[in-house]
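Both ligands and their constituent atoms are indexed starting at 1 by order of listing.
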Amino acid sequence: MPFSILAGTDLSAAHTSYNMNYRLCDYNPNTAAPGSSNGCGAHTDYGTFSSIFQDGTPGLELEETPGTWVLVPGDATVVLTGWCAVILSGSRVSAAKHRVCRSPGVRRLSAVLFVAPDLDVKLKPLGDSQPIRSFSETIMRGDLDVETFKDVMGKRWRYREGNEEMDNADSLSQDNEIENMVWG
Ligand SMILES: O=C(O)CCC(=O)C(=O)O
Ligand SMILES: [Fe+2]
């Protein structure tokens, strides 16, 4: 794979098996509650990075500082970092929080390519340098692999989309759960 250096860390050795997913999103007014502006709630992606290709229709927003959302132009192609990049880089990059708002009556299509490390990679900072912010003991021991992390994040998604029941109801938001796992 041609990409490799992120914040001074060479990620190529952790990305050898094309652990990628491709998602086509159709924000279709026919299947939304009339008047609803919620397309996709605020979240962070699990992988190393996600490339978002849009059809020209605005809707994607990035959280620039806590609580301040910036609308991305509809014709921009965006690369967003996710949690695996945070961990592997020793917290030298952060996970970009984003959401999608609908304009009632307007259809929007997007295609997202999620790129993540190999499933058997242990999620801990690569290289010898000290993490900028310390991680949970689970992370520092190398006890969390990409497959497990992906599963937890995927379960959250299926719950949000209404396809899966959750044991502990809705007590923790996606971000709380992930932050606990990562930072301890
Ligand atoms: O539709 C978009 O622009 C973004 C979708 C997204 O964030 C996701 O599927 O994780
Ligand atoms: Fe996303």
Can you list the atoms of ligand 1 that are under 4.0 Å from a heavy atom of Arg23? 9 (O)
Counting only nitrogen or oxygen atoms and a 3.5 angstrom limit, does His98 reach ligand 1? yes
Taking atom 5 (C) of ligand 1 as the reference point, the nearest protein heavy atom with its distance: Tyr27 OH, 3.6 Å
Do the side chain of Gln54 and the main chain of Val78 share a donor and acceptor less than 3.5 angstrom apart? no
So the atoms of ligand 1 within less than 4.0 Å of a heavy atom of Asp45 turn out to be 10 (O)
In plain terms, say whether Asp143 and Lys122 are close enough for a salt bridge, that is, a side-chain N and a carboxylate O under 4.0 Å apart. no
Among the N, O or S atoms of Asp45, the one nearest the Fe ion (ligand 2): OD1
Is the Trp83 ring parallel, tilted or perpendicular to the Trp183 ring (thresholds 30°, 60°)? perpendicular
Look at the side chain of Thr81 and the backbone N and O of Ser94, then say whether any donor-acceptor pair between them is shorter than 3.5 Å. yes
CG (Leu60) and OG (Ser110) are apart, to the nearest 0.5 Å, by 8.0 Å
Examine the side chains of Thr148 and Asp145 and answer whether a donor and an acceptor come within less than 3.5 Å of each other. yes
Nearest non-hydrogen protein atom to atom 4 (C) of ligand 1, with distance, is Val100 CG2, 3.8 Å
Check each atom of ligand 1 against the heavy atoms of Phe114 and keep those under 4.0 Å away; list them by number with element. 8 (C), 9 (O), 10 (O)
At a non-hydrogen distance cut-off of under 4.0 Å, which region of His43 contacts ligand 1 (side chain, backbone, both, or neither)? side chain
Nearest protein heavy atom with distance in Å, relative to atom 3 (O) of ligand 1: Arg108 NH2, 2.8 Å
Indicate if the distance from the Fe ion (ligand 2) to the nearest N, O or S atom of His98 falls below 2.8 Å. yes
I'd like to check Arg102 versus Asn38 (side-chain heavy atoms, cut-off strictly below 4.5 Å). Are they in contact? no
